[in-house]
2 protein chains.
Amino acid sequence: MYLSSSVETRSFRELCADHGLTATHQRQVLYEVMQTMPGHPSPEEVYARVKKRIPAISLATVYKNIHLFVERGVLKEVSMHHGSLRVELNSHLHHHMVCSHCKAITDIEEKDLGVLPALQRLPGGFQVERYAIDVIGICAACQKTKRS
Amino acid sequence: MYLSSSVETRSFRELCADHGLTATHQRQVLYEVMQTMPGHPSPEEVYARVKKRIPAISLATVYKNIHLFVERGVLKEVSMHHGSLRVELNSHLHHHMVCSHCKAITDIEEKDLGVLPALQRLPGGFQVERYAIDVIGICAACQKTKRS
DNA sequence: CTAGTAAACGATAATTATTATCGTTCGTCA
DNA sequence: TGACGAACGATAATAATTATCGTTTACTAG
């Protein structure tokens, strides 16, 4: 298995170089497939698509590369994923700061966020219940620990 | 097993009545335990605490009641949970509308949200990477389907 | 206060999602 | 081209969640 040398390939190799990734055929197909999936696919859905072009690919490879891509900023996860459901009492209005490194969740008061989005007419007759804002970044502890 | 008739119990029964739930001992303890957990506990963590007061309780009961409480608005989930990881290409700035009924995710442009939160000094030296805003509500399709 | 009935419970099997392991193959660089 | 670490594929293992089902409980009417 080898990489072709088309224009698309060249730019994919650049993308990998920019993000410190080695360029493999699997990663290229995964990336190209993602470009054809405008929604918010799950790993299984991505796997199904990639499998059409690389029938021998392993689901584990898809998972590993999705995580790598997210880590390096090529992909992002749609809502923060904490491994398990997290709940809280539905009391006063507040939002969350989530550490993208250690996944720790801290409350933040709505007023500390500054100006809030105004409730407007939203597309498609969507009936708004509430906003949930995640401020994603690196917590103080992980900043000290340096580098991921 | 029976319910005591303390003041706390009376208000818990009211809470259940308000949310259309039958008042059971397990639910009362679950609710009281949640009041002592200010963070963002997982079902397992809640289970561990509840088990101290009701050693015979089943993990399944904790899951079932957490879901019920979330459904009826007594609890809320910290980040939307889609059953599996969801990813998207990290392209232009946008956020998401999430249907709390069918969990469908739709993109929404940042400008369509109205005013955005201003980046301010955040508590604890948290270094912000980005905001992720979920507009939670009921999508048009689920509004037609009426009532959950 | 007691019986009837639907809802809730507990135990546990089953399912889903994700991660770890490990022997083989590939990509990079000298 | 050859060495070596990274990535891959297969698959076992783990973690999280849900389904099933027989028993018990809460609510209502009498």
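First the proteins, then the strands, lettered A, B, ... as listed; each starts at 1. Values below: every heavy atom of this structure, side chains too, minus hydrogens, waters and symmetry copies.
Aromatic ring pairs are classed by plane angle as parallel below 30°, tilted from 30° to 60° and perpendicular above 60°; the pair B:H40 and A:H96 is perpendicular.
Distance OH/B:Y47 to CD1/B:I54: 11.0 Å, rounded to 0.5 Å.
Annotation for B:I138: hydrophobic cluster partners, listed by chain and number, are none (ILVMFWY side-chain heavy atoms under 4.5 Å, direct or chained). By the 4.5 Å side-chain criterion applied to Ile, Leu, Val, Met, Phe, Trp and Tyr, B:L93 is assigned to no cluster and stands alone. Chaining together hydrophobic side chains whose heavy atoms lie under 4.5 Å apart places A:M80 alongside A:V98, A:I136.
B:R72 pairs by the salt bridge (charged side-chain N to carboxylate O under 4.0 Å, His left out) definition with nothing, not counting sequence neighbours. Under the salt bridge (charged side-chain N to carboxylate O under 4.0 Å, His left out) criterion, A:R130 pairs with no residue, sequence neighbours left out. By the side chain to side chain contact (heavy atoms under 4.5 Å, CB included) test, B:E109 is found to be paired with B:H92, B:H94, B:K111, B:D112, residues two or more places apart in sequence or in another chain being considered.
At C:dT18, one or more side-chain N or O atoms of A:Y63 fall inside 4.0 Å of OP1 or OP2 (strictly under the cut-off). Regarding contacts with the backbone of D:dC27, a side-chain N or O of B:R13 is found under 4.0 angstrom from either OP1 or OP2.
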Annotated protein contacts, base or backbone, on nucleotides 2-8 of chain D with a non-hydrogen cut-off under 4.0 Å, one of B, S, - each: -----SB

Pick out the pairs of N or O atoms, protein on one side and nucleotides 1-6 of chain C on the other, that lie under 3.5 Å.
none

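Contacts of residues 72-81 of chain B with DNA chain D (heavy atom under 4.0 Å): B:H81.
The nearest whole Å value for the distance from the CD atom in B:Q28 to the C1' atom in D:dA26 is 14 Å. Note: OH (A:Y47) to P (C:dT16) measures 16 Å, nearest angstrom. Taking atom CG of residue B:L59 and atom P of nucleotide C:dT15, one finds them 18 Å apart after rounding to whole Å. Between A:K103 atom NZ and C:dT18 atom P there is a gap of 11 Å when expressed in whole angstrom units. Put simply, CD1 on B:I66 is 11 Å from C1' on D:dT17, counting in whole angstrom units. When the P atom of C:dT16 is taken as reference, atom CG of A:L85 falls 19 Å away, rounded to whole Å. Between the P atom of C:dC9 and the NZ atom of B:K51 lies a distance of 15 Å, rounded to the nearest Å.
Of the residues near DNA chain C, B:S84 and B:V62, the one whose nearest nucleotide (by heavy atom distance) lies more toward the 5' end is B:V62. The 5' end of DNA chain C is approached more closely, in terms of each residue's nearest nucleotide, by B:P55 than by the other of A:A60 and B:P55.
Listed here is the closest heavy atom pair of A:C99 and A:C142: SG-SG, 3.8 Å.
Residues A:L75 and A:Y31 have side chains not in contact (no heavy-atom distance under 4.5 Å, counting atoms from C-beta outward). Using a 4.5 Å cut-off on side-chain heavy atoms (C-beta onward), B:L59 and B:E44 make contact.
Among the atoms of the strands shown, none is found under 4.0 Å from any heavy atom of B:H82.
Between the side chain of B:E45 and the main chain of B:S42, a donor-acceptor pair closer than 3.5 Å is present.
For the helix from C:dC1-D:dG30 to C:dA30-D:dT1, the rotation axes defined at the first and last 5 base pairs enclose an angle of 40°, given to the nearest 10°.
Among pairs with a residue in residues 76-86 of chain B, those fulfilling side-chain hydrogen bond (donor to acceptor under 3.5 Å, both in side chains) read A:D134-B:S79, B:E77-B:K103, at least two apart in sequence or across chains.
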Residues 60-69 of chain A side chain polar contacts: donor-acceptor under 3.5 Å, at least two apart:
from, atom 1, to, atom 2, distance (Å)
A:N65, OD1, A:R27, NE, 2.8
A:N65, OD1, A:R27, NH2, 3.4
A:N65, ND2, A:T61, O, 3.2

